[in-house]
Amino acid sequence: MSFPQDYILQVRGLTKTFAGVKALDNVQLNVRPGEVHALMGENGAGKSTLMKILIGLLTPDSGEILFEGRDLTAHNVNDVLKQGISMIHQEILAVPELTVAQNIFLGRETTRLFGWLDDRHLNQQASRLLEQLGLDIRPSTRLKFLSVAQMQMVEIAKAISNNARVIIMDEPTSALSDKEVATLFSIISDLKKQGVAIIYISHKMDEIFTIADTITVLRDGRYMETRPAAELDNRTLIALMVGREIDSLFPESAARRGNEVLSVRQFRRNGKFADINFAVHEGEVLGIAGLMGAGRTEIARAIFGLDQPDGGEVFIKGQKARINSPQDAIRNGIGYVSEDRKGLGFIPRLSVRQNITLASLTSHVKGPFVDERSEVATTARIIDELRIKTADMEQPVVYLSGGNQQKVVIGKVLLASPDVIILDEPTRGIDIGAKAEIYKLINQLKANGVAIIMISSELPEILGLSDRILVLAKGKQTVVLSKEEATQETIMAYAMHP
Amino acid sequence: NQSTTSETSQKGDGKKLVIGATMLSMQNEFIVNVHDEIAKKAGEAGVELITVDAERSALKQVEQVESFIAQKVDAIIMNPCEVEASSPAVTKALAAKIPIINVNSETSVKPSAFVGSDDVESARIAMKFIADKLGGKGNVVMIHGYMGQAAQIKREQGAREILKQYPNLKLIAHQTGEWDRAKAMSLMENWIQSYGSDINAVFAHNDEMGLGAVKALTDAGLKNKVVVVSIDAIPDGLQAVQKGTLDATVFQNAEQQGAKAIETAVKIANGQPYEKEVLIPFQLVTKANVAQFMK
Amino acid sequence: MKNALDTYLKPVRESYNTRVRRLGKVGIVIAFILICLALSLITPRFLTVSNLMIVVTQVSINALLAFGVTFVIITGGIDLSLGSMVAVTGVVAATFAHPDTYPVAVPILAGLASGLLFGAFNGFVITRSKVPPFIVTLGTMTIGRGLALILSKGRPISNLSDSFNFIGGGQLLGVPMPIIILILLFIVCAVILNKTVLGRYMYAVGGNEQAAKASGIRLSTVKMAVYTMSGGLAALAGIVLTSRITTGQPNAGAGFELDAIAAAIIGGTSTSGGTGTMTGTLIGALLIGVISNGLDLLNVSSYYQQVVMGIIIIGAVVLDSVNQPKN
Amino acid sequence: MKNALDTYLKPVRESYNTRVRRLGKVGIVIAFILICLALSLITPRFLTVSNLMIVVTQVSINALLAFGVTFVIITGGIDLSLGSMVAVTGVVAATFAHPDTYPVAVPILAGLASGLLFGAFNGFVITRSKVPPFIVTLGTMTIGRGLALILSKGRPISNLSDSFNFIGGGQLLGVPMPIIILILLFIVCAVILNKTVLGRYMYAVGGNEQAAKASGIRLSTVKMAVYTMSGGLAALAGIVLTSRITTGQPNAGAGFELDAIAAAIIGGTSTSGGTGTMTGTLIGALLIGVISNGLDLLNVSSYYQQVVMGIIIIGAVVLDSVNQPKN
Ligand SMILES: Nc1ncnc2c1ncn2[C@@H]1O[C@H](COP(=O)(O)OP(=O)(O)OP(=O)(O)O)[C@@H](O)[C@H]1O
Ligand SMILES: Nc1ncnc2c1ncn2[C@@H]1O[C@H](COP(=O)(O)OP(=O)(O)OP(=O)(O)O)[C@@H](O)[C@H]1O
Ligand SMILES: [Mg+2]
Ligand SMILES: [Mg+2]
């Protein structure tokens with residue numbers, strides 16, 4: 001046990017309630033300078049809430065926060081940032097219309113007389129910073145033109161440019177590929193050397209064991225334990241978080257491959273992808289792998305009618321299909337779970353029930369009226385099957401934790417009873433327990449004869465679930481590997497060399 | 001479009017006369033009537049008439065006159081929005097040596113000529129009628145036009161002058177109906193709630209509002225106990241007077257105002273002698289004489 | 001399974017959501033009650049059946065418009081052409097409403113058709129072009145005013161049939177027709193919003209347009225529907241107004257859009273879309289009507305009326321937001 | 001290192017970003033040029049120095065208001081009290097502008113101060129309460145109208161000094177004063193928006209309020225600033241107007257807010273906040289002014305003017321959005 005002085009940041013007895021839901025209950029956290037302190041817990045455990053309180057975006061009901069011995073409890077974001085704490089938020093918090101440089105230095109612009117801006121200087125500072133981080137992003141590009149991964153890297157650049165003593169990273173890698181994750185880790189180890197403390201939140205277990213020095217576990221808003229990472233292994237950590245053991249992440253499936261459900265030929269969207277040919281069958285998972293920006297999401301969007309392809313054909317059960325809009329796609333039995341949960345996934349202010357039934361509302365009707373009883377029954381079943389954690393089904397989805405929001409979206413897509421379902425990064429930001437459930441679900445769907453296209457940046461996931469793996473590089477299809485042929489190395493090799 | 005051709009009225013150099021007219025509001029029936037007469041007479045005289053609608057904004061009116069000046073029209077007819085605020089238009093026109101004729105109401109700066117009547121007088125006539133009808137004793141409510149506009153101010157002024165002469169005639173409430181029939185009707189309904197049968201007479205600044213008051217009073221079954229008088233003598237107003245629901249209205253002669261205005265404008269533009277002030281008297285319209293005003 | 005279902009069924013009746021929702025409206029209801037209470041205390045004339053009837057009758061036109069614009073705002077749009085639609089539809093209706101010409105259904109249907117057409121035109125332009133609704137409906141507001149003037153040649157259209165004038169001026173079992181129309185339309189609109197697929201889609205489109213699209217909702221259909229309905233409701237308002245003042249006025253309804261939007265927002269509809277209720281809007285409209293009636297009853301000078309009106313409206317919404325739970 | 005830095009610096013000058021931005025405005029500029037061209041061809045009276053001077057002078061008041069509301073809309077707000085602020089500040093200025101009373105600076109400063117105060121009040125209520133800007137400024141629009149009437153006792157305030165009347169009516173080197181004021185204020189506003197921290201924060205607050213907050217930007221400071229500036233610009237508009245018509249009018253400026261907001265939106269400012277430029281707004285205001293002038297020149301009957309005006313405005317923005325790159 002160490003003395004309190006050793007800690008750069010101390011949290012004691014923190015409690016926070018949202019409209020009757022206790023998100024945090026008497027939580028503590030002690031962080032030493034120069035350490036990577038992982039904060040672990042299931043979706044909805046209260047990690048983000050705790051961090052938002054630390055940074056001053058939320059006010060706690062009770063409890064205290066000490067930073068370098070000073071009381072920070074009642075401070076607002078502005079003060080906290082100045083005191084030397086910065087945060088990478090779970091949801092990208094950036095201004096789309098502003099440039100990369102403008103976003104990085106937002107709130108901390110160097111100005112001359114009368115608040116006169118020096119954007120040239122700002123761009124220089126930013127490009128120096130981006131270069132240090134090994135990022136190929138122009139400082140003068142407006143943020144809305146970046147990919148999600150690039151935006152995330154900008155957020156990281158922003159957080160570390162603050163010269164903070166404590167940097168909170170709330171799932172910084174959920175939208176990053178391995179290359180960028182490696183960059184981030186090397187940044188983290190530099191920061192550690194300078195005595196900066198990192199509070200690190202992630203659902204990727206391997207990352208935790210790679211970089212964490214200390215691990216604090218929260219469960220259902222309560223503090224469980226803090227231990228050096230070295231004393232913990234995967235199993236015990238999961239047990240601490242989940243309260244039960246998870247035996248196998250990728251269960252065997254007994255599904256049989258059946259008839260072709262969907263195929264695309266010479267599929268092309270200018271500047272995004274070209275020459276895409278593949279088919280997916282009943283009871284089959286087709287994994288699509290590739291580096292960030294390889295065009296995987298673009299293909300999915302085009303198949304689903306969100307974008308118009310410039311060439312090629314889509315066949316549904318052998319018939320040529322005309323898909324000009326998502327409704328056409330849904331009518332043709334295609335379901336799409338987007339990687340952009342917040343943007344394309346759910347309606348924030350509508351309830352869990354209203355979101356879950358949204359895509360299949362026309363099958364919950366009595367005449368022109370919505371049949372609420374049938375909605376409730378169906379929602380209850382989905383909440384049960386997907387283990388969605390929510391106070392009740394009338395809770396607005398915006399108040400759910402990220403993982404549970406994802407399950408709501410999956411539930412919605414499933415209810416439209418698709419023959420083929422496209423899962424784009426289905427486990428992004430999802431806790432280990434929920435991941436296991438989603439994998440189980442995928443296998444179940446497979447067994448029921450659903451065809452699945454799964455886009456994922458997590459190779460273990462791709463390898464663990466796919467029957468065949470299509471690899472993309474820079475918008476071109478490089479290979480389709482069978483389960484037996486596929487290894488991490490072969491996939492990476494095809495993903496890098498077109 | 002209001003331009004028409006004929007050979008009668010031409011300038012010395014053989015070009016057709018161009019006259020610009022800016023009207024207070026083409027959504028007001030009385031003004032539309034004045035304008036229609038101007039247009040008709042302009043057509044007969046072979047004058048090209050450019051009409052613009054100031055939409056009750058003095059600023060817009062000044063701008064429109066500026067525009068006329070830039071277009072070098074031969075004469076301007078202005079139906080002023082405001083006494084004071086429309087004055088710069090007159091100053092500018094005179095400075096540019098373009099004759100400007102005010103029609104219907106005045107500006108503080110004297111134009112080349114004035115054709116019209118005094119709004120204050122119309123309200124005096126209306127209120128005098130009420131005073132006579134009530135025997136100089138009773139409770140009156142007044143429905144204003146849009147607050148702060150010249151017509152509202154003048155009509156209020158005229159009404160108050162008469163009220164001062166009759167100390168037993170009490171103005172128990174006054175409120176704006178914004179020249180609007182529906183608004184005046186709601187206002188009257190509310191007044192009926194609060195004053196009930198205490199109200200003996202209503203003076204509305206225009207017929208539209210007067211008719212709104214009549215409707216509210218009729219619905220409440222009070223019409224035959226309350227005297228309603230308004231100004232303008234629009235066709236609806238005249239009809240109501242004939243039916244006896246509106247007790248009186250004050251007739252402003254739109255046709256004559258329009259005709260005289262264009263006549264004067266053409267005279268000035270052609271360098272002929274003209275009258276600097278043409279006053280067209282108001283006339284009280286009651287059931288007794290309404291027939292002569294109806295077409 | 002049966003049991004599990006039951007435990008899920010219960011919360012629907014008294015759920016978090018509905019509790020929050022109800023709480024959200026409590027503020028404005030309190031404000032409304034406080035104002036009514038204050039008025040009853042100050043003047044005995046306020047709380048009489050006849051006065052309340054008059055208030056509701058007066059409110060009816062604004063409320064009809066506000067119902068329509070509530071649909072529109074919930075989808076994230078706006079409709080500034082309401083006032084002009086009132087004028088156009090009123091003029092159209094009046095044109096066919098002279099005595100001994102057509103049966104009363106003709107002016108009603110003609111007015112309604114013109115409103116639906118006008119609204120559909122708004123919807124069409126908004127969905128086909130990428131022009132923001134604010135500009136489209138500002139444009140059609142001007143166009144509509146011009147049309148009303150052209151159709152009526154700038155003059156009120158009077159001499160309407162008694163049966164037509166009954167719509168705004170008549171009574172049924174002692175209840176003024178406008179109140180009956182108001183109640184009917186309130187029920188219809190509330191049902192559409194809460195109970196139908198279309199209503200659900202409105203919330204979805206306003207709450208997150210892209211997600212709604214990805215859920216297979218045709219944005220253009222929903223938007224066409226709300227603007228058309230807004231036009232239809234404006235037509236009803238125009239018909240009631242025309243019938244009430246027994247004239248088709250080309251300059252009727254000027255500025256009505258702002259009052260209607262105000263009623264919706266006071267009632268809790270957010271201009272950013274995705275939230276709002278018909279009950280809230282109704283209360284918003286009643287609030288404005290009661291204040292205006294009260295100020296007349298108290299004979300507050302017209303200059304001060306405006307000041308007091310502004311203060312009370314802001315105050316009522318402040319009171320409402322204080323009562324709203326923080327998110 | 002040096003070289004790498006240079007390759008990063010170059011794109012700053014001609015980046016994708018700025019190209020797109022420029023492109024974004026091309027549409028409305030084309031629309032504007034087309035309309036001007038058409039007018040020049042139809043009537044020789046349009047393209048004369050004197051007429052163009054008049055157009056710009058006429059546009060100046062709307063443009064000043066539009067600049068202010070551009071700031072406000074960029075932060076995601078709205079200001080409906082512009083017209084009433086014009087009236088209040090005009091009346092206040094006029095009160096102090098009688099000949100041989102105070103030097104001309106006094107009415108100007110008094111008017112300006114009242115506008116800033118009014119705007120600050122808007123900002124105060126909006127930041128302290130959670131009431132939407134639409135309702136707050138709708139409320140203060142009514143309050144302001146009442147105040148203007150109270151301050152002026154419902155009567156225009158005339159007999160103003162020549163030096164005061166010079167502001168709106170005078171010329172400097174042959175250029176009307178309102179044009180000079182317009183140009184000056186355009187530069188000031190454009191600089192504030194593009195070159196200062198405050199401008200940057202406006203975009204941030206409107207673009208993503210949560211992100212701005214998380215970056216330590218004080219939302220209330222930024223909002224206070226924009227509403228106060230909007231009030232200040234409305235005061236300048238009020239002073240120019242009062243001086244131009246040589247009278248303080250309590251009912252001046254009614255409806256001006258819609259024109260100003262239209263100018264901003266036509267110029268590319270999005271009502272959802274986060275985008276907009278002063279140049280765009282200026283073009284928007286000029287577009288409205290040119291159309292209105294052209295319709296007068298062509299002697300289009302006033303009823304049809306409204307119809308044509310509405311169609312052209314929608315058309316111009318359609319043309320703009322067609323030219324806008326898809327994102
Ligand atoms: N604004 C809010 N209103 C109501 N409830 C909220 C709000 N924010 C969070 N919650 C609830 O608080 C709990 C904790 O949420 P939090 O976002 O902190 O979880 P988390 O541990 O970060 O989860 P994840 O790993 O999914 O990000 C959840 O039950 C969530 O539903
Ligand atoms: N809105 C946009 N504007 C401009 N470029 C974009 C936009 N969205 C995506 N891109 C670019 O298009 C390319 C393909 O992106 P896409 O999202 O399809 O890649 P992906 O393989 O799915 O990778 P990811 O894992 O990032 O989803 C990338 O280079 C990306 O930067
Ligand atoms: Mg979280
Ligand atoms: Mg992707």
Side-chain angles (χ1 to χ4, degrees), chain A residues 18-21 301 304-306 325-331 336-338 340-355 357-362 364-370 372-373 375-377 379-381 383-384 390-396 398-399 409 412-413 416, chain C residues 1-24 74-76 188 191-222 270 272-276 324-327:
Chain A
F18 290 112
V21 179
R301 287 178 58 94
F304 193 62
L306 280 163
S325 64
Q327 3 352 344
D328 292 344
I330 292 171
R331 207 179 311 117
Y336 176 51
V337 177
S338 154
D340 183 6
R341 195 153 60 216
K342 216 173 153 189
L344 286 176
F346 60 88
I347 317 286
R349 307 246 217 147
L350 288 190
S351 69
V352 171
R353 165 175 61 91
Q354 290 165 327
N355 267 286
T357 55
L358 194 59
S360 56
L361 198 59
T362 40
H364 300 283
V365 288
K366 277 187 190 150
F369 302 112
V370 176
E372 280 199 25
R373 268 192 89 85
E375 267 194 296
V376 167
T379 306
R381 180 169 57 79
I383 286 180
D384 216 45
T390 170
D392 65 62
M393 67 171 71
E394 301 306 320
Q395 173 115 336
V398 65
Y399 299 138
V409 177
K412 172 184 78 176
V413 173
Chain C
M1 188 66 204
K2 251 281 144 82
N3 265 337
L5 226 155
D6 273 347
T7 60
Y8 276 116
L9 275 172
K10 213 184 291 160
V12 180
R13 269 148 229 150
E14 176 64 4
S15 67
Y16 173 70
N17 196 359
T18 51
R19 257 183 294 135
V20 168
R21 262 204 204 160
R22 219 181 294 138
L23 217 75
I74 284 177
T75 64
V188 170
V191 165
I192 290 177
L193 194 58
N194 295 318
K195 300 287 172 198
T196 68
V197 176
L198 180 60
R200 179 73 55 81
Y201 285 176
M202 290 181 202
Y203 284 112
V205 170
N208 183 348
E209 193 167 302
Q210 287 314 306
K213 185 180 171 193
S215 301
I217 297 172
R218 260 185 227 280
L219 302 181
S220 53
T221 311
V222 177
S270 152
S272 48
T275 51
Q324 208 114 31
K326 282 180 264 179
N327 77 319

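In what follows, chains are A, B, ... by sequence order, proteins preceding strands, each numbered from 1.
- There is no contact between A:S360 and chain C, counting heavy-atom distances below 4.5 Å.
- Contacts between C:I192 and chain A at a heavy-atom distance below 4.5 Å are absent for every atom of the residue.
- For A:V370, the parts sitting under 4.5 Å from any heavy atom of chain C are the backbone and the side chain alike.
- Of the two parts of A:R331, only the side chain, counted from C-beta on, holds a non-hydrogen atom closer than 4.5 Å to a non-hydrogen atom of chain C.
- Considering only heavy atoms from C-beta on, C:T75 stays 4.5 Å or farther from C:Y201 through its side chain.
- The side-chain heavy atoms of C:I74 and C:Y203, taken from C-beta on, include a pair separated by under 4.5 Å.
- For the pair A:L350/C:N208, no side-chain contact is recorded, criterion being any heavy-atom separation below 4.5 Å from C-beta on.
- Under the 4.5 Å side-chain criterion, counting only non-hydrogen atoms from C-beta, A:Y336 is not in contact with A:I330.
- For the options C:E209, C:K195, C:R200, heavy-atom pairs under 4.5 Å to chain A are most numerous at C:R200.
- Taking 4.5 Å as the limit, some side-chain heavy atom of C:M202 sits within range of a side-chain heavy atom of C:L193.
- For A:D340, no part lies under 4.5 angstrom from a heavy atom of chain C.
- With a threshold of 4.5 angstrom between heavy atoms, A:K366 does not approach chain C through any atom at all.
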Quiz item: What's the verdict on side chain to side chain donor-acceptor pair (under 3.5 Å) for A:E375 and A:T357, showing C-alpha distance, side-chain angles and the deciding distance?
Solution: CA-CA 7 Å; A:E375 267 194 296; A:T357 55; 2.7 Å; yes
